Amino acid sequence: MKTLNVGIMGLGTVGGGTYTVLTRNAAEITRRTGVQINVIQVADRNIDHAKTMTGGSVAVTGDALEVVNNPKVDVVVELIGGYTLSRELVLKAIANKKHVVTANKALIALHGNEIFAAAKANNVIVAFEAAVAGGIPIIKALREGLGANRIEWVAGIINGTTNFILTEMREKGLTYQDVIGEAQRLGYAEADPTFDVEGIDAAHKLTIMSAIAFGMPMKFEQAYTEGITKLQQVDIKYAEELGYRVKLLGITKCTNKGVELRVHPTLISEKRLVANVNGAMNAVVVKGDAVGPTLYYGAGAGAEPTASAVVADLMDVARLIDATSAQRVPYLAFQPEQVHDLAILPIDEIQSAYYLRLRASDKPGVLANVTKILGDLSISIDAMLQKEPDDNETEADIVILTHITLEKNMNAAISAIEALPEITGKLVRIRMEELGK
Ligand code: HSE
């Protein structure tokens with residue numbers, strides 16, 4: 001029987017889950033691959049925890065470099081996180097001709113280009129299914145299952161922490177501040193929770209999907225990110241009255257002007273399946289020119305769901321270890337010389353529909369002034385909602401949904417509307433996506 005010797009760096013939530021799944025399902029995994037996958041060494045700062053977890057059957061070290069330099073290890077599983085030490089370890093493993101499996105989205109989004117170049121030079125596999133949407137096999141779907149398509153766009157709920165917060169805000173009428181603590185206690189959040197709530201974690205994952213959807217390098221630095229910290233309960237409520245849900249979406253589109261790469265709160269019609277993805281669950285919609293829109297749903301975090309993806313990558317390594325690089329699926333889905341440096345559109349140049357909320361004096365002519373500004377900029381109104389002022393109030397909330405327009409036109413409209421004397425304070429703007437075609 002062929003064997004694959006694995007070294008795991010980091011035996012935390014995902015590392016522990018990986019060890020458990022590999023051990024529990026060993027017979028089934030061998031039945032599928034024809035290879036016996038053996039964990040022969042693990043590295044963790046907490047050596048006692050690692051020893052307890054592995055029950056004395058595996059060599060344990062506190063120094064991850066020992067795994068990377070272990071001549072018996074065929075494949076290194078990097079589950080340490082971060083992107084400084086993990087980058088060094090992964091590059092060293094590659095230089096030592098070891099295959100690498102990682103769940104580290106930040107590492108791939110920031111240093112993927114360097115890592116893949118090193119991997120190509122050393123003819124080793126770098127697999128990263130677990131880096132995006134946990135247990136959902138979205139990398140496999142984009143790189144292989146949808147390989148016949150020209151991918152037009154990808155949009156996903158790819159951060160469980162924020163989806164949990166938004167679900168609680170909608171279902172229980174709570175504010176962002178009410179639920180953030182609870183979300184962190186549930187254990188999905190990143191070590192630095194601002195990565196979740198400011199959209200950075202989602203941007204890491206979106207960057208990876210964008211690269212393999214369109215065949216371009218990782219462009220994390222150019223991703224637009226806007227989180228959920230400023231979202232107000234009232235907008236979630238008005239959106240619902242109009243038949244929409246607010247989700248933190250990662251959206252990437254390949255347009256003839258360039259690639260849109262953006263993460264921000266987004267209104268989606270409640271009729272869309274993806275609008276009904278609640279709690280910490282993830283979902284990704286991919287539109288291919290041949291297949292049309294396709295939806296992938298599942299747990300985006302957690303020990304065993306993420307381990308499911310890590311172990312599937314290990315199984316791919318087990319099958320492909322003796323293949324030539326031409327027989328393997330390219331890292332970025334396209335042949336390396338066919339990976340093109342596509343331009344990312346600045347956020348001003350993207351196209352979107354919009355939800356606008358403004359607070360206006362309840363006087364004749366105010367709406368006419370607002371709609372004139374929109375009309376002069378060729379922004380077409382799709383729906384409108386005016387709330388009656390509360391008792392003793394002279395101002396009313398007006399909500400406007402627009403058709404698709406250029407973001408810079410919308411910016412100009414917002415500045416002009418805010419300058420009207422009848423308008424109080426700042427206008428709230430949330431982008432909207434159709435996600436149907
Ligand atoms: N912090 C991430 C989330 C974990 O909330 O989805 C999985 O990447």
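Because the structure is predicted, anything quoted here is derived from the model rather than measured. Counting starts at 1 for both ligands and their atoms, following the listed order.
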Given the rule in the salt bridge (Lys or Arg N to Asp or Glu O under 4.0 Å) test, do E78 and R87 qualify, once you have shown the distances and angles that lead to the verdict? CA-CA 10 Å; E78 185 279 307; R87 172 180 163 272; over 6 Å; no
Which pairs of nitrogen or oxygen atoms, taken one from ligand 1 and one from the protein, are under 3.5 angstrom apart?
from	atom 1	to	atom 2	distance (Å)
ligand 1	1 (N)	Y188	O	2.7
ligand 1	1 (N)	E190	OE2	2.6
ligand 1	1 (N)	D196	OD1	2.7
ligand 1	5 (O)	N159	ND2	3.4
ligand 1	5 (O)	G160	N	3.3
ligand 1	5 (O)	T161	N	2.9
ligand 1	5 (O)	T161	OG1	2.6
ligand 1	5 (O)	Y188	O	3.4
ligand 1	5 (O)	D196	OD1	3.4
ligand 1	6 (O)	G160	N	2.7
ligand 1	8 (O)	K105	NZ	2.5
ligand 1	8 (O)	K205	NZ	2.8

Between T194 and D192, does any side-chain donor sit less than 3.5 Å from a side-chain acceptor? yes
Could you list the donor-acceptor pairs under 3.5 angstrom formed by side chains in residues 277-284, with sequence neighbours left out?
from	atom 1	to	atom 2	distance (Å)
N278	OD1	K247	NZ	3.4
N278	ND2	N276	O	3.4

May I ask you to decide whether R262 forms a salt bridge with E226, counting only side-chain N to carboxylate O separations under 4.0 Å? no
Can you list every salt bridge (charged side-chain N to carboxylate O under 4.0 Å, His left out) pair that touches residues 150-163, not counting sequence neighbours? R150-E152, E152-K287
Identify all side-chain donor-acceptor contacts of residues 212-223 below 3.5 Å with residues at least two apart in sequence or on another chain.
from	atom 1	to	atom 2	distance (Å)
K219	NZ	D341	OD1	2.3
K219	NZ	L342	O	3.0

